[in-house]
Amino acid sequence: MPGPSSPTIRTFQPTDAEALTALLWESLASGEQAGHTSSDVESIIGSFTVLRHLLVAELDHEPVGLISPIHRFIVVRSDVRRRGIGRELVNAAEADSAQSPDGPVILFPPHNSAKALSFLKAIDFQYDHSLWRFQLDSKRYEQLPELPADLSMTAFDDDDLAEYVDLINTAFLDHPVRLHVTREQIEHIHASPKFDPAGIALLRTPSGQMVGFCVTGSDRNEGTTVGIINLLGLQRGYRGRGLGRFLLIWGIERLRSLGLEQIELGVEAENEKAVRLYRSVGFDLVEEWPQWTRKRVA
């Protein structure tokens with residue numbers, strides 16, 4: 001009798017979408033993705049065609065697993081596990097992203113999953129840092145500071161796209177975990193029916209140069225619509241002037257004006273300046289997401 005087939009690891013193809021969509025929803029419904037939400041799954045599915053480093057495991061001409069380093073997510077169909085497919089997906093993702101600005105592959109193991117931790121340890125991953133979910137005290141209200149006279153604030157316009165992408169990437173160059181976005185990725189987000197350009201605040205110099213931004217949105221968490229501070233950043237030369245606080249409070253006011261009283265954001269625990277800022281206006285830790293990456297030889 002022939003032995004078991006070997007998996008093929010390849011890039012995503014549009015024909016994979018149906019099988020992978022079913023796999024993701026089944027994995028979430030089974031409870032094995034604790035910590036991930038239906039919105040997380042929708043985000044992956046909705047961006048299949050534009051995700052960088054999205055790799056698929058194929059077995060007998062059928063997709064049976066995927067890895068999305070951008071989402072720090074990996075899943076393999078339950079009936080074909082313990083055959084090295086997860087390990088091959090991780091190795092391929094590391095090779096695929098090695099020369100890119102996206103950096104090393106980081107994975108978030110589902111909460112309280114002994115199987116996930118065992119898998120990560122088996123492939124020489126170790127705990128690296130934590131991402132924190134912060135929630136705003138609904139009783140805290142901070143007055144919007146006055147914007148310095150040499151800066152103005154505008155909403156996003158389609159003509160801003162190229163400079164906006166550059167601004168995000170530049171602002172996060174020295175972030176503890178580097179963020180890199182592409183024009184294609186932002187265009188995909190902005191093409192969503194849910195996108196509202198008024199949910200983005202841009203700080204500009206008198207010449208019109210963008211130097212800071214705050215991006216707001218919403219998510220679903222246990223049946224509740226939650227306001228989200230998605231991104232907040234400043235060019236390095238404009239830090240230390242209270243502009244981050246201005247943008248953060250603007251974002252809070254924007255979300256409350258839409259009737260969203262539960263407001264959250266995510267922050268790397270290592271980003272001490274951001275953590276101090278968020279705590280200063282009433283955000284506090286409600287959930288920790290440990291992040292794991294490959295052990296590095298010194």
Side-chain angles (χ1 to χ4, degrees), residues 43 47 50 52 70 101-102 131-134 136 142-192 194-219 226-258 260 263-268 271-278 280-281 283:
S43 176
S47 53
V50 296
R52 302 186 304 280
I70 300 299
D102 297 307
L131 181 68
W132 286 345
R133 178 165 68 94
F134 270 20
L136 180 65
E142 299 287 330
Q143 185 173 355
L144 185 67
E146 187 174 343
L147 191 62
D150 62 331
L151 295 173
S152 61
M153 187 180 75
T154 68
F156 177 86
D157 184 89
D158 287 343
D159 291 338
D160 297 323
L161 185 61
E163 186 180 359
Y164 176 60
V165 170
D166 288 343
L167 173 60
I168 294 174
N169 291 332
T170 302
F172 280 86
L173 279 174
D174 57 351
H175 193 261
V177 177
R178 189 171 172 184
L179 172 71
H180 178 76
V181 300
T182 64
R183 182 183 180 116
E184 182 183 30
Q185 182 181 4
I186 298 299
E187 285 178 332
H188 177 79
I189 294 169
H190 290 190
S192 167
K194 294 172 57 178
F195 173 68
D196 181 359
I200 301 177
L202 299 172
L203 294 186
R204 298 179 185 270
T205 65
S207 67
Q209 178 191 0
M210 296 180 201
V211 297
F213 59 92
C214 179
V215 183
T216 61
S218 63
D219 200 350
V226 179
I228 304 292
I229 306 292
N230 285 320
L231 281 178
L232 190 155
L234 287 164
Q235 292 281 28
R236 191 174 307 178
Y238 288 83
R239 298 172 189 173
R241 299 179 55 185
L243 300 175
R245 186 179 184 86
F246 173 91
L247 287 166
L248 178 59
I249 295 174
W250 174 87
I252 293 169
E253 289 190 351
R254 159 76 185 171
L255 293 169
R256 282 177 167 163
S257 75
L258 299 174
L260 300 172
I263 298 174
E264 299 182 355
L265 55 79
V267 58
E268 302 286 350
N271 194 347
E272 295 177 358
K273 291 183 179 179
V275 169
R276 285 197 299 270
L277 170 62
Y278 300 148
S280 75
V281 301
F283 282 94

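Met210 is not listed as a side-chain neighbour of Gln235, based on a closest heavy-atom distance of 4.5 Å or more. The shortest distance between side-chain heavy atoms of Met153 and Leu147 falls below 4.5 Å. Considering only heavy atoms from C-beta on, Tyr238 comes within 4.5 Å of Leu151 through its side chain. Taking 4.5 Å as the limit, every side-chain heavy atom of Val267 sits out of range of all side-chain heavy atoms of Phe283.
Across all their heavy atoms, Gly244 and Leu232 have their closest contact at O-CD1, 3.8 Å. Nearest heavy atom pair, residue Ile186 against residue Tyr164, reads CG2-CE2, 4.0 Å. Scanning all heavy atoms of the two residues, the minimum distance from Leu179 to Asn169 falls at O-OD1, 3.9 Å. Across Val181 and Val165, no two heavy atoms sit closer than the pair O-CG1, 3.9 Å. When all heavy atoms of Pro145 and Ile249 are compared, the pair lying nearest together is CD-CD1, 3.9 Å. Closest approach of Ala198 to Ala155, counting heavy atoms only: CA-CB, 4.3 Å.
Between the side chain of Ser257 and the backbone N or O of Arg254, at least one donor-acceptor pair lies under 3.5 Å. Side-chain atoms of Ser47 never come within 3.5 Å of backbone atoms of Val50 as a donor-acceptor pair (strictly under, hydrogens ignored). Of the possible donor and acceptor atoms, none in the side chain of Glu268 sits under 3.5 Å from a partner among the backbone N and O of Val177.
Screening residues 230-241 for salt bridge (Lys or Arg N to Asp or Glu O under 4.0 Å) gives Asp150-Arg241, Asp174-Arg236, Asp174-Arg239 as the qualifying pairs, with residues at least two apart or on separate chains.
Using the six-membered ring where Trp is involved, Phe134 and Trp132 have ring planes that are parallel, under 30° apart on the 30 and 60° scheme. Ring geometry for Phe156 versus Phe195: interplanar angle over 60°, hence perpendicular rather than tilted (30 to 60°).
In this structure, CD1 on Ile228 lies 5.0 Å from CG on Asp219, to the nearest 0.5 angstrom. Atom CG of Asn271 sits about 4.5 Å away from atom NE2 of His175, to the nearest 0.5 Å. Distance check: Leu247 CG to Ile229 CD1 gives 9.5 Å after rounding to the nearest 0.5 Å. Here Leu260 contributes atom CG and Leu136 contributes atom CG; the two are 12.0 Å apart, rounded to the nearest 0.5 Å. In this structure, CG on Asn230 lies 11.5 Å from CD on Glu264, to the nearest 0.5 angstrom. In this structure, the separation between CD1 on Ile168 and CG on Leu231 is 6.0 Å, given to the nearest 0.5 Å.
At most 12 non-hydrogen atoms from other residues, nucleotides or ligands lie less than 6.0 angstrom from CD of Glu272.
Under the side chain to side chain contact (heavy atoms under 4.5 Å, CB included) rule, Ser192 has a single partner from His190, His188, Lys194, which is Lys194.
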> Do Ile252 and Glu142 pass the side chain to side chain contact (heavy atoms under 4.5 Å, CB included) test, and can you show the C-alpha distance, the side-chain angles, and the key distance before you say yes or no?
Replying inline: CA-CA 9 Å; Ile252 293 169; Glu142 299 287 330; over 6 Å; no

